[in-house]
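Since the structure is predicted, the reported quantities are computational estimates derived from the model, not experimental observations. Just so we're on the same page: letters track the sequence lines, and every chain starts at 1.
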Amino acid sequence: MPTAADTTITPAEDGSGAVTPTSQHEEEQAPAPVQAPESAGLAERLRAEVGARAPRRVARHPVNEAMIAHWCDAIGDANPAYTDAAYAATTVHGGLVAPPAMLDVWDRHGLLERREADDPRARVIATLEQAGFVSVVAVNAELEIHRYLRPGDLLGNVQTLTDVSAEKRTALGVGHFVTSRHRFTDQAGEHVGDLQFRILKFRPGSGQRPPAAANPNSANPSGGSSVTTRRGPSGPSGPPDPDPARRPRPAINRDNQFFWDGTRARELRIQRCDGCGALFSPPTARCWHCGGFELGWIVASGRGRLYSHAVVHHPPAPGFRYPLPVGLVELAEGTRVVADLVGCPPAGLRVGMPVELTWVETHPALVDGASDERGPITLPAFRPAPPPRRTDTLTAPEAAAAIQRSGASEASEGPEGSEAELALWSVPVTATLIVSGAIATRDFQPVHHDRELAARRGSADIFLNINTSVGLLQRYVSDTLGPDLLVRAIRVRLGAPAYPGDHLVFTGRLTAADAQTGRVTVAVRAAGGLGDHLVGTVEVVLPGGREHDETRAAAARAATARAVTAPQARS
Amino acid sequence: MSGHSYAGRTAIAGIGATDFSSDSGRSELRLALEACVAALDDAGLPASRVSGLVTFTMDGNPESDLMRGLGISELTSFSRIHFGGGAPCATVQQAALAVEAGVADYVLCYRAFNERSGRRFGSGVGDRPTGTTTEQASFAWTSPYGLLTPASWVAMFATRMMHEHGVTTEDFGRVAVACRRHAATNPLARFHERPITLADHQASRWIVEPLRLLDCCQETDGGQAILVTTLERARDLRRPPAVIEAAAQGMADDQQMMRSFFRESLVGLPEAATCARQLWETSGLGPDDIAAAVLYDHFTPFVLTQLEEFGFCGRGEAADFIRDGAIELGGRLPVNPHGGQLGEAYLHGMNGVAEGVRQVRGSAVNQVPGADHVLVTGGTGVPTSALVLGRDS
């Protein structure tokens, strides 16, 4: 968690967007609150800043292909509109563009720079901190895109402090909401987008700790997460100890030894008859096809489909988190295995869904009470395979029809889900994703790349920065709806942090579509092991509507204008 | 008719049970002895005439202790059946084989446990010691992942039934509603006078999705004994014989102990089909001849599957079959008139054998009219067994 001192140097504080999210469940280790009773003077000083503007800040470098490429690599966004000029020319943009979620990245300070002192929000924050409101949590981010940026654009933004709330009592504590708006313009003064950002500055220790904190994994049993493991006492009254080392160890004998040797090498092995090639799961001691006793194994590809599933609620056993989704996976090779499902909420389970192999180290070494001495145990687990990136693009009339049909079948919605649902995307949160995402969005806060510093500041680990989360969200929407869409707005409410070892599960649903204009609204959610990471809406423009055509025409006119002016500029 | 020589020539001559409770307050051995004594009293046979005992491998009461407690001076036949709840009808078959072959004259089958107040089956296998036997190693494919209980194993099949046949949890619920309705009028049932509605079922909490609390039977303390002898000898005893018209064991198709997840289809019970084929072939009867069925109901979903495997309806049609109350009293095929394991008691199916006997005797508390032939089945998902009992003509 950020300390109070941190908040004065976060990128968010200097106007470019990201405040580090504070877990709603784990309040930061803040200095003892300064008891500064609110006076009429404080409220007046805060109100006086509302409406104040900072001077326009200009990016150090123009929008450029190198930074776009880094961002796409970090986010894993393969939409060729950002990187493939030939493809981009065929899109609504008529040429290469920057990912819209990068709007507030371009004019952000680098590693070494510090914010200007005359920023009105910084003044408000300083005032609040002096009054004891030293903790911070980001609450909302709303991005509006008027025009996609192109390589060569030079971006600037003017920050306005739009609101400071009266003192509010929230679950986190007593505090003030501070809202700022950032108006982005290009080199020609064209208004290209806005960011509205809202934080809560609160007095640590003044809220109620939500009871959900005792069960950090309830929304999304992610199994493999080491950081969400709580090694609490497990008395007769409480739930059993969920430390995975408490799970039953597999009984290993000469028939299945090869399998458990394989898991230690992170190979999912399938027994195969040396004689006739038949596969067996579970293994046998004799091939019942050819009669051979010589049995070897192959290594499974790790791809498969969910053949069936169960979600265990009761009775709880030591070593597990509940509800516990368990899958019966039919491997691509044709045999089946039982394994835990990670990175998938129970409501997202579908028979037939593609899954991919991952691993959970349950028994890292010899465990007290283990009745065998065969060393560590690693278990296979499966998570939803990422949905394939869509290469055509859903049209607005198709979206409208899907919403209508799913609305009609709402009452009798089966386990297969409705047509308006976007495919579930489960993203493993790795240290690499966190660090590369932070750097690609020019967020150099140590809590996003330095584990030791993060720990020293009271955080369980490094955690995902908001720009990476929003980037993943933007990717999710374009991967599932198609590459030739226009993002108009991304509006999210921010929640629990995402640490390495967790999964973020993105789900979405088309909620409104205007076949005339092409405007479509997608309700989205990214749930992590600690609860909802972000919840919000993405507004897009899909092909087949007026706005898509207008943007395409405008892009073509602009391209012609650039072609005409460019040679003149050189001469 | 195939050559099950004991079929039609052997019978159940006595039944006896303890009370069914959540806390018996007695030892398991005492429960077993009380049940055996009750079965002998029912038949009017002195214990000294018993020369054979059959029980479950899972039972904790050795035959030697039963022999001592019953005051039997020698036994010439004793055997056990494996695979938990799959055993009940097979214990009767073992006894019939023994009396037909002449290795014993009267054989007691018994099952007794403090399964509710003692070690609860529903608590799972997680605390079982890790060993290296083939049977222990088989749990390596499920236990480390948290599938530790019978409910969790059955749930995997239930999800697949819902997916392939469009079955819903309400269809599962209808089975529970029927059994609880029957138990409500059975004074010996644990759920006497406690019927449930489908809404109660739907409101009950998840145990293992898609199974709710009311899809699961409740563990019971109690004991049940069944006395088997030849039909000829049975005719000389106190009660009208329940003729063993057919008995069968079945194990099939890549069988695993409740975890046959690896066979081609999860929407059938091929081991039950193996039993069904033998029963119909041996008895010359068919589903249309069965007036009432005691179907193993530790969990509701497999009751639907059994209706299909024993031929009462086609594959995938069971949910429709039960929708109009067909399995309730007065319906086309009353199922578990005593309340089943969901309503009377979970006694590994042995209480179901006793209900079959009462139905053909005409002495059941919820008597089905014209019950000349009654089907009784053993555990589902496990290697199993089944019986057809009939009235002595």
Side-chain angles (χ1 to χ4, degrees), chain A residues 240 244 246-256 259-260 280-283 285 288 306-328 335-341 346 349-352 360 362-363 370-372 374 377 379-381 414-416, chain B residues 120-149 151-164 166-169 204-213 216 254 256 259-267:
Chain A
R246 299 288 161 204
R247 291 180 178 207
R249 291 171 69 86
I252 299 175
N253 67 10
R254 288 189 175 96
D255 292 328
N256 68 18
F259 181 89
W260 299 104
F280 299 95
S281 174
W288 64 72
L306 196 56
Y307 188 79
S308 193
H309 53 82
V311 181
V312 185
H313 291 256
H314 188 82
F320 300 95
R321 288 175 190 287
Y322 297 92
L324 171 74
V326 185
L328 175 60
T335 56
R336 294 186 202 138
V337 289
V338 169
D340 289 345
L341 298 170
L349 298 174
R350 302 278 184 272
V351 169
V360 182
T362 50
H363 301 78
S371 59
D372 64 335
R374 297 183 187 83
I377 298 291
L379 297 178
E416 308 308 317
Chain B
R120 298 183 65 171
F121 283 15
S123 65
V125 297
D127 58 352
R128 286 197 186 165
T130 302
T132 57
T133 69
T134 302
E135 194 162 55
Q136 287 164 325
S138 76
F139 286 93
W141 310 116
T142 43
S143 289
Y145 308 101
L147 292 188
L148 298 165
T149 60
S152 72
W153 304 326
V154 173
M156 205 61 99
F157 291 86
T159 298
R160 199 64 206 179
M161 287 168 69
M162 293 168 78
H163 176 74
E164 288 189 35
V167 174
T168 66
T169 81
S204 68
R205 65 190 166 102
W206 293 122
I207 298 300
V208 181
E209 290 176 60
L211 301 184
R212 300 175 183 280
L213 177 67
C216 309
D254 204 356
Q256 309 275 327
R259 291 156 291 140
S260 301
F261 301 144
F262 312 96
R263 53 171 57 148
E264 188 167 341
S265 171
L266 298 197
V267 296

S.K.: Who wins among B/Pro144, B/Gly122, B/Gly146 for the most heavy-atom pairs under 4.5 Å with chain A?
M.R.: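 Highest number of heavy-atom pairs under 4.5 Å: B/Pro144.
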
S.K.: Is any side-chain heavy atom of B/Val208 closer than 4.5 Å to one of A/Val311?
M.R.: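 No. Closest side-chain heavy atoms not under 4.5 Å.
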
S.K.: Tell me, side chain or backbone of B/Ile207 under 4.5 Å from chain A's heavy atoms, or both, or neither?
M.R.: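 Both parts, backbone and side chain.
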
S.K.: Report which part of B/Leu213 has an atom under 4.5 Å of a heavy atom belonging to chain A: side chain, backbone, both, or neither.
M.R.: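 For B/Leu213, no heavy atom lies under 4.5 Å from chain A.
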
S.K.: Take the angle between the ring planes of A/Trp260 and B/Trp141 and call it parallel below 30°, perpendicular above 60°, tilted in between.
M.R.: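 Parallel, since the angle between the ring planes stays under 30°.
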
S.K.: Measure A/Pro380 against the heavy atoms of chain B and call it side chain, backbone, both or neither at under 4.5 Å.
M.R.: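 For A/Pro380, heavy atoms of backbone and side chain both lie under 4.5 Å from chain B.
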
S.K.: With a 4.5 angstrom heavy-atom cut-off, is it the side chain or the backbone of B/Glu135 that approaches chain A, or both, or neither?
M.R.: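 Answer is neither: B/Glu135 stays 4.5 Å or more from chain A.
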
S.K.: Could you check if a side-chain atom of A/Pro248 sits within less than 4.5 angstrom of a side-chain atom of B/Phe139, using non-hydrogen atoms only?
M.R.: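 A side-chain contact under 4.5 Å is absent here.
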
S.K.: Given A/Tyr307 and B/Arg160, is the side-chain contact (heavy atoms from CB on, under 4.5 Å) satisfied, shown in steps?
M.R.: CA-CA 8 Å; A/Tyr307 188 79; B/Arg160 199 64 206 179; 3.4 Å; yes

S.K.: Please look at B/Thr149 and chain A and tell me whether the side chain, the backbone, both or neither of the residue comes under 4.5 angstrom of a heavy atom of that chain.
M.R.: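 For B/Thr149, the side chain is the part near chain A, not the backbone.
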
S.K.: With rounding to the nearest 0.5 angstrom, report the OH to CG distance, B/Tyr145 to A/Leu341.
M.R.: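 These two atoms lie 11.5 Å from each other.
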
S.K.: Taking the side chain from A/Ser308 and the backbone from B/Met156, do they hold a donor-acceptor pair closer than 3.5 Å?
M.R.: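 Such a contact is found between A/Ser308 side chain and B/Met156 backbone.
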
S.K.: Would you say the side chain of A/Arg247 lies within less than 4.5 Å of the side chain of B/Ser143, judging by non-hydrogen atoms?
M.R.: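 SC-SC contact between B/Ser143 and A/Arg247 ruled out.
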
S.K.: Look up atom NE2 in B/His163 and atom CG in A/Leu306, then write down how far apart they are to the nearest 0.5 Å.
M.R.: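 Answer rounded to 0.5 Å: 10.0 Å.
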
S.K.: For B/Arg263, is it the side chain, the backbone, both or neither that has a heavy atom under 4.5 Å from a heavy atom of chain A?
M.R.: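 Only the backbone of B/Arg263 comes within 4.5 Å of chain A.
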
S.K.: Drop me the distance from B/Ser123's OG to A/His314's NE2, to the nearest 0.5 angstrom.
M.R.: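 Output value for this atom pair is 9.5 Å.
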
S.K.: To the nearest 0.5 Å, what is the distance between CD (B/Glu209) and NE2 (A/His309)?
M.R.: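 So the gap between those two atoms works out to 9.0 Å.
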
S.K.: What residue in A/Ala317, A/Pro282, A/Ser281 has the most heavy-atom pairs under 4.5 Å with chain B?
M.R.: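 Heavy-atom pairs under 4.5 Å are most numerous for A/Pro282.
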
S.K.: Answer yes or no: is there a donor N or O on one side and an acceptor on the other, between the side chain of A/Arg336 and the main chain of B/Phe261, under 3.5 Å?
M.R.: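 Pair found, side chain donor or acceptor close to backbone of B/Phe261.
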
S.K.: Taking every non-hydrogen pair under 4.5 Å, which of B/Leu147, B/Thr142, B/Leu148, B/Asp254 racks up the most with chain A?
M.R.: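 Highest number of heavy-atom pairs under 4.5 Å: B/Leu147.
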
S.K.: Taking atom CG of A/Leu328 and atom CG of B/Leu266, what is their separation to the nearest 0.5 Å?
M.R.: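 A/Leu328 CG to B/Leu266 CG: 6.0 Å, rounded to 0.5 Å.
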
S.K.: Measure distances from B/Arg120 to the heavy atoms of chain A and classify the residue's part below 4.5 Å as side chain, backbone, both or neither.
M.R.: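 For B/Arg120, neither part sits under 4.5 Å from chain A.
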
S.K.: Mind listing the closest non-hydrogen atom pair of B/Ser152 and A/Ala310 along with its distance?
M.R.: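 Of all heavy-atom pairs spanning B/Ser152 and A/Ala310, the closest is O-CB, 4.2 Å.
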
S.K.: Could you give the distance from CG (A/Asp255) to OG (B/Ser138), rounded to the nearest 0.5 Å?
M.R.: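 Result: 11.0 Å between the selected atoms.
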
S.K.: Let me know if B/Thr133 has heavy atoms under 4.5 Å from chain A in its side chain, its backbone, both or neither.
M.R.: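 Interface part for B/Thr133: backbone (N, CA, C, O).
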
S.K.: With chain B as the partner, which of A/Asn256, A/Val326, A/Val338 has the greatest number of non-hydrogen pairs under 4.5 Å?
M.R.: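 Going by pairs under 4.5 Å, I would pick A/Val338.
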
